[in-house]
Structure formats: structure tokens, C-alpha cells
2 protein chains.
Amino acid sequence: MEQEIKIPTTRNGKATFNAIVESAIDLFYKQGYHDTTIGNITTQAGIGAGTFYLYFPNKLALYKYILMELQHDIRRRIAEKVASVHGRYEKEKVGIETFIQYALDYPYSYNIIWESLYIDKKLFIDYYDGFAKRYERGLKQSIIDGEMYDVDTELVSYILMGVANFVGLKVLLNLGRDNDDLSSIVDNVMKIIRTGIFK
Amino acid sequence: MEQEIKIPTTRNGKATFNAIVESAIDLFYKQGYHDTTIGNITTQAGIGAGTFYLYFPNKLALYKYILMELQHDIRRRIAEKVASVHGRYEKEKVGIETFIQYALDYPYSYNIIWESLYIDKKLFIDYYDGFAKRYERGLKQSIIDGEMYDVDTELVSYILMGVANFVGLKVLLNLGRDNDDLSSIVDNVMKIIRTGIFK
DNA sequence: CTATAATATGAACAACCATTCAGTTTATGA
DNA sequence: TCATAAACTGAATGGTTGTTCATATTATAG
């Protein structure tokens with residue numbers, strides 16, 4: 001059912017493989033998954049149409065490969081940054097900031113991840129479910145440490161993902177005003193998360 | 001550039017038009033926009049392939065029509081419910097609850113709205129930008145009334161949309177645990193928005 | 001009842017696209 | 001250098017889909 005990706009062994013093969021992946025990322029971002037043809041990808045990569053099938057059984061397998069790479073990349077980056085600061089408040093702040101900065105550095109990432117909902121719903125569910133479960137661990141520890149109220153950690157995971165995703169969306173698509181200074185945006189977000197919005 | 005939708009005049013014509021729209025909603029939800037063919041829609045609607053083109057110039061125009069209908073429907077419903085209670089806290093609570101309840105009642109709505117990002121990015125931007133601008137008006141008034149801290153209303157709009165969307169996603173896709181009692185989920189969300197999460 | 005407009009049909013056409021494959025070139029290890 | 005494996009090619013194939021159109025049916029106003 002699930003065919004395999006063939007990882008090349010030679011230097012040339014690796015270059016071709018990378019050219020396919022890079023072209024696909026660019027095209028999936030610019031035209032979306034469904035409007036991107038194998039022909040588009042191979043042309044942009046500067047290779048023959050048949051060469052694609054040396055490495056990938058089909059377009060879906062290529063998309064899954066890219067999604068997994070992205071997922072690992074984002075998680076690793078957030079984990080590194082978060083580990084470098086102390087206290088849940090600081091960790092939360094750095095987590096949100098890193099997430100949004102990642103979206104700004106790699107604007108295609110947002111598009112490609114969200115599009116999974118329309119390519120294979122299971123991919124989307126696994127992505128956010130996995131993200132939430134990682135989140136929960138940190139939150140649970142913070143409650144034990146007395147830094148956080150005794151909240152429903154699972155619900156808070158989704159709330160914080162929602163906040164990061166939609167503020168990121170605003171910044172990325174430049175919706176509304178004041179999207180220049182990321183650091184000040186994150187400060188504002190944290191202030192709201194810290195104290196709530198109602199008097 | 002933008003061709004017109006033809007609204008039928010007779011009773012039979014209206015029935016056919018509705019059958020097309022209902023079939024399309026069902027299929028866009030189940031298989032996604034791109035995997036739904038005009039043939040699928042006309043077959044499910046029980047009409048000939050050519051009949052589709054009596055009313056819609058192409059698939060995109062049909063999608064836009066459905067998206068606009070949905071947008072009006074959601075906004076109207078939220079506006080009605082929110083108008084029936086007093087105080088910003090209660091309004092916010094009812095707004096989030098109505099939004100999630102709508103997603104549960106019409107599970108296709110989520111899919112179809114988010115998919116706009118992959119059909120025509122402008123549709124997506126207009127949708128959320130419009131939603132945020134409406135939100136802001138209410139928040140500004142609440143600050144004047146002294147019910148809310150002097151927050152960045154635009155930022156808070158996106159934060160609250162993010163919360164509602166991701167908690168809605170969790171409930172709709174049944175991610176994690178405890179998705180049965182919507183009322184208690186909303187209570188928890190409100191508690192967190194009210195007081196923040198950090199001690 | 002009848003003329004006319006509205007509605008409906010589905011075969012036919014043309015464009016597009018994923019995938020295969022027989023043959024060619026290139027790299028590499030011995 | 002040379003044998004072998006890896007990498008590469010692009011024309012050809014077959015299936016799918018959006019859209020048109022000549023023709024047919026149905027509804028309705030007068």
C-alpha cells in the first residue's frame with residue numbers, strides 16, 4: 001500500500017533528490033499541492049519527468065516526506081530555544097516567539113502544514129495531536145512547580161496553539177496593523193495570557 | 001473576468017440550483033474541493049452534466065457562492081446570540097460557544113472555510129480580516145465601558161479567533177479527551193481567558 | 001391552446017496529467 | 001581501464017475531467 005522513498009547514494013543522486021524537494025516546497029507554497037503537477041516539479045528542478053519516479057512513488061509520498069521534515073525541524077528548533085531559558089513563563093514566551101519567527105523565516109511552512117487537512121486528514125490530526133501532547137508535558141510540570149494555576153493542560157495546549165497560530169497568521173499575512181516588531185507583539189500576547197483580558 | 005451566477009426563476013429551476021449547492025457542500029466536505037469533479041456534483045444532484053453550467057460558470061464560482069452563504073450564516077447567528085446577553089464577559093462566552101456549536105452542527109463549515117486558503121488566498125484573508133474587524137468594535141466598546149483592560153484590540157481579536165478555532169478543532173475532530181460537554185469546555189476556556197494561566 | 005422562455009440532457013471534444021519503459025549516460029569501485 | 005550499478009531521459013500511453021452544443025422537454029404567460 002505504502003510505497004517507499006528511495007534515498008540516493010551518490011553525490012549526483014542526492015543533488016537531484018534535493019532539487020526535487022526544494023522545487024516541490026516552492027511550488028506547493030506558490031500554487032498549492034493540487035495545482036502542482038509532477039511536470040511542474042521536474043521542470044523547475046531541471047530534470048526529466050521520469051527521474052521523479054526514481055525517488056518517489058508519487059506526489060503524495062513526496063508531500064508526506066516534506067511535512068515530516070518540516071515537523072521535525074520546527075519541533076527541534078522550539079525545543080532548543082525553550083531549553084535555553086528557565087521558568088514556564090519564559091519558556092512559553094520563547095516558544096511562541098520561535099514558532100512565529102519560524103513562520104516568518106519559512107513562510108511556506110504554514111501553508112504546507114495546514115494543507116495536510118485537505119490532502120490526508122490523518123496527517124493533520126497526527127500533527128496537532130502530537131504537538132499538543134508534547135505541550136502538555138511541559139504544562140503539567142509547571143503546575144507541579146507551582147508556576148501555573150491548576151488548569152486543564154490539554155485544553156490549554158490547544159488554546160496556546162490557537163493563539164500562536166492565529167497571531168502568526170496575522171503577522172505572516174500582514175493582516176491589520178503593527179506587524180513589524182515581533183518582539184513587542186509577543187510581549188503583548190504574554191501580557192494577555194498572564195493576566196487575562198477582563199477586569 | 002468574473003462570470004455571473006444565474007439565479008433560476010421557476011420552482012423547478014430553484015430545486016435544481018439547491019440540489020447542486022447541497023451536493024457540492026456535501027462533496028467539498030467529504031472529498032475536498034480539488035477532488036470533487038463537476039461530474040460528481042451533477043451525479044449526486046441527479047442531473048445532467050450540462051445542467052450545471054446553466055447556473056454556475058465553473059466550480060470556483062460555486063465554491064465562492066457557498067463560502068459567502070456560510071459566512072453570512074455564521075455571522076448572523078453569532079450576532080443574534082451575542083446581542084441577547086449583556087456584558088462583555090457574557091458576550092465573549094456566548095460568542096465562543098455559538099461558534100463551536102456551529103462547527104458541531106455544520107461540520108462541513110470548518111473545512112470549507114479553511115480550504116479557501118488553498119483555493120484563493122484572497123478569500124481567506126478577507127474572511128478573517130472581516131471577522132477581526134467586527135470583533136474589534138465590540139472589544140473597543142468594552143474597554144470604554146471599563147469591563148476590559150486597555151489591550152491591543154486587534155491583537156486580542158486574533159487571539160480570541162485562534163482560541164475559538166483551535167478549541168473548536170479539538171472538539172470537532174475529537175482530539176484528546178473530554179470533548180462531550182461543550183458547556184463545560186467553554187466554562188474552562190473563559191476561566192483561562194479571565195484570569196490568565198500564570199500565578 | 002399556443003408561443004415562448006426556461007430548463008435539461010449527455011455524447012463529443014480537447015486539454016491535461018500521472019506513470020511507464022526501452023534506451024542512454026554517468027559515476028564508481030576494483 | 002573497465003565492468004557494473006546508479007542515475008537519467010522524454011516520447012508514448014491511457015485515463016480523467018471541464019466544457020460545449022445540438023437537441024429535447026417542461027413550464028408559463030397571454
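Order of the sequence lines fixes the chain letters, A, B, ..., with proteins taken first and strands second; residue numbering starts at 1 for each chain. Any value given below was found using the heavy atoms of this structure, including those in side chains, with hydrogens, waters and symmetry copies removed.
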Check whether B:S142 reaches the backbone of B:E147 with its side chain - one donor and one acceptor, N or O, closer than 3.5 Å. no
Which parts of residues 13-22 of chain A get close to DNA chain C, meaning a heavy atom less than 4.0 angstrom away? none
Taking the minimum atom-to-atom distance to the side chain of B:I47, which one of C:dA18, C:dT9, D:dG18 wins? C:dT9
Which nucleotide sits closest to the side chain of A:K59: D:dC8, D:dT19, C:dA18? C:dA18
Within the pair A:T9 and D:dA7, is there a side-chain N or O less than 4.0 Å away from OP1 or OP2? yes
Whole-Å gap separating P (C:dT7) and CZ (B:F56): 13 Å
Is the closest side-chain donor-acceptor distance between B:N40 and B:T37 under 3.5 Å? yes
Whenever both distances are under 3.5 Å in a Watson-Crick or G-U wobble pair, mark it; put DNA chain C into dot-bracket that way, with [ ] for crossing pairs and | when the partner is on another strand. ||||||||||||||||||||||||||||||
Below 6.0 angstrom between ring centroids: does that apply to B:F56 and B:F17? yes
Centroid-centroid distance, B:Y128 to A:F166, less than 6.0 Å: yes
Is it the case that B:R77 places NZ or CZ above or below the six-membered ring of B:Y102, under 6.0 angstrom from the centre and within 45 degrees of the axis? no
For the side chain of A:T37, counting heavy atoms from C-beta on, which of C:dC17, D:dA7, C:dT7 is nearest? C:dC17
Which of these nucleotides, D:dG10, D:dA7, C:dT7, is closest to any side-chain atom of A:A49? D:dG10
Could you state the atom-to-atom distance from CG of A:D35 to P of C:dC17 in whole Å? 9 Å
When the distance from CG of A:L54 to C1' of D:dA5 is rounded to whole Å, what number comes out? 13 Å
Are any side-chain N or O atoms of A:E97 and backbone N or O atoms of A:V186, one a donor and one an acceptor, separated by less than 3.5 Å? no
By the 4.0 Å heavy-atom rule, please label B:T51 as base, sugar-phosphate, or nothing. base
State yes or no: are the ring centers of B:Y33 and A:Y118 separated by less than 6.0 Å? no
Can you tell me which nucleotide in D:dA7, C:dG10, C:dT19 comes closest to the side chain of A:I38? C:dT19
Taken to the nearest whole Å, CG/B:L60 to P/D:dT19 is 10 Å
Quick one: does A:L169's side chain get under 4.5 Å of B:Y158's, heavy atoms only? no
Nucleotide C:dA6, atom C1' - distance to OH of B:Y53 in whole Å: 20 Å
State, without any angle test, whether B:E92 and B:Y135 hold a side-chain donor-acceptor pair at a distance under 3.5 Å. yes
In whole angstroms, how far is the P atom of D:dA6 from the CG atom of A:N12? 14 Å
